[in-house]
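A short write-up of the structure that comes next.
Numbers restart at 1 for each chain; the letters A, B, ... are given by sequence-line order, proteins then strands. The basis for the numbers below is simple: all heavy atoms, side chains too, and nothing from hydrogens, waters or symmetry mates. None of these values were measured; they are calculated from a predicted model.
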Amino acid sequence: MKTAVSQRPSLILAQPDAIALPADFDPDLTLRGGQAFRWTVEPDSNGQTAYRGVVEDMTLLVAPAAGQWQARLLNHPPTPPRLARLRDYFDLDRDYAAARQALLERVERVAPLARLSGEIERARGLRILRQPWFETLVAFVISANNHLPRIRQIINVISLKFGQPLGSGDYAFPTPEALAAVAPATLRGECRVGYRDRYLCQLAQRIARERLAWEQAATRPTLELRQALQTLPGVGPKVAECVLLFGFHRWEAFPIDVWVRRAMTGALVAPAPDGRPPADRQIAAAAAARFGPLAGLAQQYLFEIARRHKPKADNASAGDNRSSPRPRA
DNA sequence: CACCAGGACGGCG
DNA sequence: CGCCGTCATGGT
């Protein structure tokens, strides 16, 4: 019980409008990788590299402060419910060190995978975000046969044209109803979605019409949810797994793309006798058997490690990639 | 200027 | 079932 009242606010208090991210948080792997598409790299007010993004109706700035990465709300008062949603978004209540350790114990006996343990340790700052499922669904329908930079661009144009302004110069991702009202020709002509225009329009219309059922989907078993997702236009096996993992936080989901297929072939699954890569069904079975409930995390490590091995000059702002302002390792 | 990209879809054997 | 051509678009 303190009786004296400080005349001045304590300097030790954390900034009330921000949440501190884990010490090893890696914004490039987590925010600019293959799971989130609404984060841009830009210098903050101090001229240091920062990451600006939109989560639901919140504009966020992830920047180094007080020796670590912090996520600051730019367009709303930092009420406890909002801060709680941010903790949820960054999955801060999960023990990634324990999850990673459990994963390493599962793979260290498999020689072709054991050599990955060092790579996984270097990618330890990767986290799996808990993103809004409708935005995730649309993003990965667009992802089919597409490149990451272009997926980001299309998602941002869709938000800019059809989303609600957030008072910060940024726009929320549109609701299913708002997107369902957009003509396919507009999606193709103005958002450059190509042949996916009809998929997206029908998708938004169905979600809007079946909204109640889909909002209860988060409580359904993964198997049932997976089957339901694959009835949606533009949603096949791979997109369904991505939505399960990034939009419904099902860590047993295991999306198989070209990178993961290459990583798994020969390491965990033998190629076919004729030399062709094994069927995706066999890869999925091997992943479930080896990685179990951590398959999604394993997949994300495999994807980002494989992608890191081939940089491909993903960055538009050429100049300072060496001065990654890792706030005091 | 071919080739590729976090594939899905429809048709065919 | 499994295989195969096709589907826009823009970067390399």
> Between A:R198 and B:dA8, does any side-chain N or O lie under 4.0 Å from OP1 or OP2?
Replying inline: no
> Between the base of B:dG7 and the side chain of A:Y199, is there a donor-acceptor distance below 3.5 Å?
Replying inline: no
> From the list C:dT9, C:dC3, B:dG7, which nucleotide is the closest neighbour of the side chain of A:A144?
Replying inline: B:dG7
> Are A:R262 and A:W259 in a cation-pi contact, defined as NZ or CZ under 6.0 Å from the six-membered ring centre and within 45° of the axis?
Replying inline: yes
> In terms of side-chain heavy atoms, does A:D24 have a donor or acceptor partner in A:Y96 at a distance below 3.5 Å?
Replying inline: no
> What's the CG-P distance between A:D257 and B:dC4, to the nearest Å?
Replying inline: 15 Å
> Over how many whole Å does the gap from A:L203 atom CG to B:dG7 atom P extend?
Replying inline: 17 Å
>> Once hydrogens and angles are ignored, does a donor-acceptor distance under 3.5 Å link the base of C:dG10 to the side chain of A:H147?
In response: yes
>> Could you check whether A:R250 and A:T222, counting side-chain N and O atoms only, form a donor-acceptor pair closer than 3.5 Å?
In response: yes
> With sugar-phosphate meaning primed atoms plus P, OP1 and OP2, does A:R281 contact a base, only sugar-phosphate, or nothing at under 4.0 Å between heavy atoms?
Replying inline: nothing
>> The side chain of A:N145 is closest to which nucleotide in this list: C:dC7, C:dT9, B:dG6?
In response: C:dC7
>> In this structure, how many angstroms lie between the P atom of C:dG10 and the CD atom of A:Q153, rounded?
In response: 8 Å
> A:N146 CG to B:dC3 C1': how many Å, rounded?
Replying inline: 15 Å
> Does A:R261 have a side-chain nitrogen or oxygen under 4.0 Å from the phosphate oxygens OP1 or OP2 of B:dG6?
Replying inline: no
>> Under 6.0 Å between ring centres: does that hold for A:F248 and A:W133?
In response: yes
> Which is true for A:G34 with a 4.0 Å heavy-atom rule: it touches a base, it touches only sugar-phosphate, or it touches nothing?
Replying inline: base
> OP1 or OP2 of C:dA8 sitting under 4.0 Å from any side-chain N/O of A:R188?
Replying inline: yes
> Between A:F303 and B:dG6, do the rings stack, that is, sit under 5.5 Å apart with planes less than 30° off each other?
Replying inline: yes
>> Please give the distance between the P atoms of B:dG11 and C:dA8 as a whole number of Å.
In response: 16 Å
> Looking for any heavy atom pair under 4.0 Å, which part of the strands does A:V239 touch: base, sugar-phosphate only, or nothing?
Replying inline: sugar-phosphate
> What integer distance in Å separates A:I151:CD1 from B:dC4:P?
Replying inline: 18 Å
> Just how far, in rounded Å, is P of B:dA8 from CZ of A:R196?
Replying inline: 11 Å
> For the side chain of A:K238 and the base of B:dG7, is some donor closer than 3.5 Å to an acceptor across the two?
Replying inline: no
>> Quick check: any donor-acceptor pair below 3.5 Å linking the side-chain of A:E241 to the base of B:dG6?
In response: no
> What nucleotide among B:dA8, B:dG7, B:dG6 has an atom nearest to a side-chain atom of A:W259?
Replying inline: B:dG6
> Taking OH from A:Y195 and P from B:dG10, how many angstroms apart are they, rounded to a whole number?
Replying inline: 13 Å
>> Under 4.0 Å, counting only non-hydrogen atoms across every strand here, what does A:V141 touch: a base, just sugar-phosphate, or nothing?
In response: nothing
> Considering heavy-atom distances to DNA chain B, does A:V235 or A:F246 have its closest nucleotide positioned more toward the 5' end?
Replying inline: A:F246
> For A:E190 and C:dA8, what is the distance between atoms CD and P respectively, to the nearest whole Å?
Replying inline: 18 Å
>> Testing the 3.5 Å rule here: is there a donor-acceptor pair between the side chains of A:N156 and A:Y171?
In response: no
>> A cation-pi test, strictly: NZ or CZ of A:R94 under 6.0 Å from the centre of the six-membered ring of A:W251 and no more than 45 degrees from its axis. Yes or no?
In response: yes
> Under 4.0 angstrom, heavy atoms only, what part of the nucleic acid is A:L232 near: base, sugar-phosphate, or nothing?
Replying inline: sugar-phosphate
> Looking only at atom C1', what distance separates C:dG2 and B:dG6, rounded to whole Å?
Replying inline: 23 Å
>> Does C:dT9 have its OP1 or OP2 closer than 4.0 Å to a side-chain nitrogen or oxygen of A:R192?
In response: yes
> At what distance, to the nearest 0.5 angstrom, does CD of A:E241 lie from CD of A:E252?
Replying inline: 9.0 Å
> Does A:V193 or A:R276 map to a spot on DNA chain C nearer the 5' end, using the closest nucleotide for each?
Replying inline: A:R276
>> Which nucleotide wins on minimum distance to the side chain of A:E304, given the candidates B:dG6, B:dA8, B:dA5?
In response: B:dG6
